[in-house]
Amino acid sequence: MNSEDYGGGSQLPEALQPLAARYHKLTRMYQYQIDRLAPHTLNRWLGTVTVNLLFMLRIVYAQGWYIVCYAHAIYLLNLLLAFLQPKFDPSLEQDLAATNVEEGGDDEPLPTNNAGFGRRDDEEFRPFVRRLPEWQFWLSATKSSLISLVCSFFGIFDIPVYWPILVMYFFALFALTMRRQIRHMIKYKYIPFDFVGKQKYGGPSLT
C-alpha cells in the first residue's frame, strides 16, 4: 500500500502504514454492512427500539446512570425535531422575498422551492424534503443508543443526580418544542409525512 499524504504534505510513517491499511479495510467493511441495511427500514428501527429497551431496562434495574439517560433523550429529541423540519425553512424564504421587495425588486414574491413540499395551482405535488433524512436519523439514533448502553457499564458516568427533576425537565422541554413545531407546521401548511404520494391539485378540469 502506498503511503498517503496527510495535512501539510506530511506522509504517514512507514511503520504505521499496516495499521492504516487495516483501518481502511475495516472502514470499508463497516460501510458495506451499513449499506446493506439501508433497504430494511422496519427491521432497522426495530433493532434500534430493542437497543433502547435494553438501555432503559439497564437504567431501571441498576438505579443509576440517569444523566446518561437524560443526555441520550435530549439528543434523540433534537434528532426528531430535525427529522420533522423542512430542509429549507419557509419563514426564511418569506423574509428573503420581503427583503427583495423592500430593496426595489419585483412586487411578486421570489420563486422558492417551498421547502421541497407543497403545491401551487399549476404544479404537481412535491414530497416533503426533510432537514435530517430518515437514514441519518436512524444511524445517529442507533449510535447514540449503543454508546449510552455501553456508558451504563462504567461507574465514571454514574453521576449522582435527583432523577425526578430530569424527568420533569425533559417532558417540559418536549412539550414546548413539539408545540412550537406543530405551530410551525400549521402556519406554513405542511405535513412532515407523505401519506398520499403524488397528487395533482388545481388545474383546468377535463370535463
- Task: Name all residues meeting the side-chain contact (heavy atoms from CB on, under 4.5 Å) criterion together with Tyr61; count only those two or more places apart in sequence or in a different chain, and write none if there are none.
- Result: Leu57
- Message: Once side-chain hydrogen bond (donor to acceptor under 3.5 Å, both in side chains) is applied, do any residues pair with Thr48, and if so which ones, sequence neighbours excluded?
- Response: Trp138, Thr142
- Cluster question for you: counting only ILVMFWY and a side-chain heavy-atom cut-off of under 4.5 Å, with indirect links fine, are Leu80 and Val49 together? no
- Message: If you compare all heavy atoms of Met185 against all heavy atoms of Pro192, which two are closest, and at what distance to 0.1 Å?
- Response: CE-CD, 3.2 Å
- Task: For Phe83, enumerate each residue passing the ring-ring contact (aromatic ring centres under 6.0 Å, His included) test, keeping only those at least two apart in sequence or located in another chain.
- Result: Phe137
- Query: Sequence neighbours excluded, which residues qualify as side-chain hydrogen bond (donor to acceptor under 3.5 Å, both in side chains) partners of Tyr66?
  - Reply: Gln63
- Message: Surrounding OH of Tyr23 (heavy atoms of other residues, nucleotides or ligands, distance under 6.0 Å), is the total greater than 12?
- Response: no
- Item | With Asn52 via side-chain hydrogen bond (donor to acceptor under 3.5 Å, both in side chains) - residues at least two apart | His72, Ser145
- Message: Which Ile, Leu, Val, Met, Phe, Trp or Tyr residues join Ile182 in one cluster when any pair of side-chain heavy atoms under 4.5 Å counts as a link?
- Response: Ile186
- Begin with the C-alpha distance, continue with both residues' side-chain angles, and end with the deciding distance and a verdict on side chain to side chain contact (heavy atoms under 4.5 Å, CB included) for Val68 and Phe154. CA-CA 11 Å; Val68 175; Phe154 294 90; over 6 Å; no
- Query: Quick one: side-chain contact (heavy atoms from CB on, under 4.5 Å) partners of Met56, sequence neighbours excluded?
  - Reply: Cys69
- Query: Are Leu149 and Ile159 connected, step by step, through hydrophobic side chains (Ile, Leu, Val, Met, Phe, Trp, Tyr) whose heavy atoms are closer than 4.5 Å?
  - Reply: yes
- Task: Say whether Tyr30 and Val150 are linked into one hydrophobic cluster, either directly or through other cluster members, by side-chain heavy-atom distances under 4.5 angstrom.
- Result: yes
- Note on the structure: Separation between CD (Gln136) and CG (Leu79), nearest 0.5 Å, reads 10.0 Å
- Task: Enumerate the residue pairs fulfilling salt bridge (charged side-chain N to carboxylate O under 4.0 Å, His left out) with a member in residues 169-185, sequence neighbours excluded, ordered by first and then second residue.
- Result: none
- Item | Distance (rounded to the nearest 0.5 Å) between Leu173 CG and Leu77 CG | 5.5 Å
- Task: Could you list all the salt bridge (charged side-chain N to carboxylate O under 4.0 Å, His left out) pairs where at least one residue sits in residues 136-157, not counting sequence neighbours?
- Result: none
- Query: How long is the gap from CG on Leu81 to OG1 on Thr177, to the nearest 0.5 Å?
  - Reply: 5.0 Å
- With side chain to side chain contact (heavy atoms under 4.5 Å, CB included) as the test, would you mind laying out the steps for Leu37 and Gln33 before giving the verdict? CA-CA 7 Å; Leu37 297 175; Gln33 296 298 330; over 6 Å; no
- Query: Which value, rounded to the nearest 0.5 Å, describes the distance between Arg28 atom CZ and Gln31 atom CD?
  - Reply: 11.5 Å
- Item | Results of side-chain contact (heavy atoms from CB on, under 4.5 Å) for Val167 - residues two or more places apart only | Trp163, Phe171
- Can you run down the salt bridge (charged side-chain N to carboxylate O under 4.0 Å, His left out) pairs that involve residues 35-64, sequence neighbours left out, and say none if there aren't any? Arg44-Glu134
- Message: I need the full list of salt bridge (charged side-chain N to carboxylate O under 4.0 Å, His left out) pairs touching residues 149-168, with sequence neighbours left out, sorted by first then second residue.
- Response: none
- Note on the structure: For Pro86 and Tyr190 the tightest heavy-atom approach is CD-OH, 3.6 Å
- Value rounded to 0.5 Å, distance of CZ in Arg131 from CG in Leu84: 10.5 Å
- Message: Are Phe170 and Met178 connected into the same hydrophobic cluster when the rule is that any two of I, L, V, M, F, W, Y join if their side-chain heavy atoms are below 4.5 Å apart?
- Response: yes
- Message: Taking Trp65 as the starting point, is it possible to reach Tyr169 by hopping between hydrophobic residues whose side chains are less than 4.5 Å apart?
- Response: yes
- Note on the structure: What one should report as the nearest heavy-atom pair of Phe157 and Cys151 is CD1-O, 3.5 Å
- Query: If you round to the nearest 0.5 Å, how far is OH of Tyr75 from OG of Ser144?
  - Reply: 6.0 Å
- Item | Audit row: Phe55, Ile59, side chain to side chain contact (heavy atoms under 4.5 Å, CB included) steps and yes/no | CA-CA 6 Å; Phe55 174 65; Ile59 297 300; 3.8 Å; yes
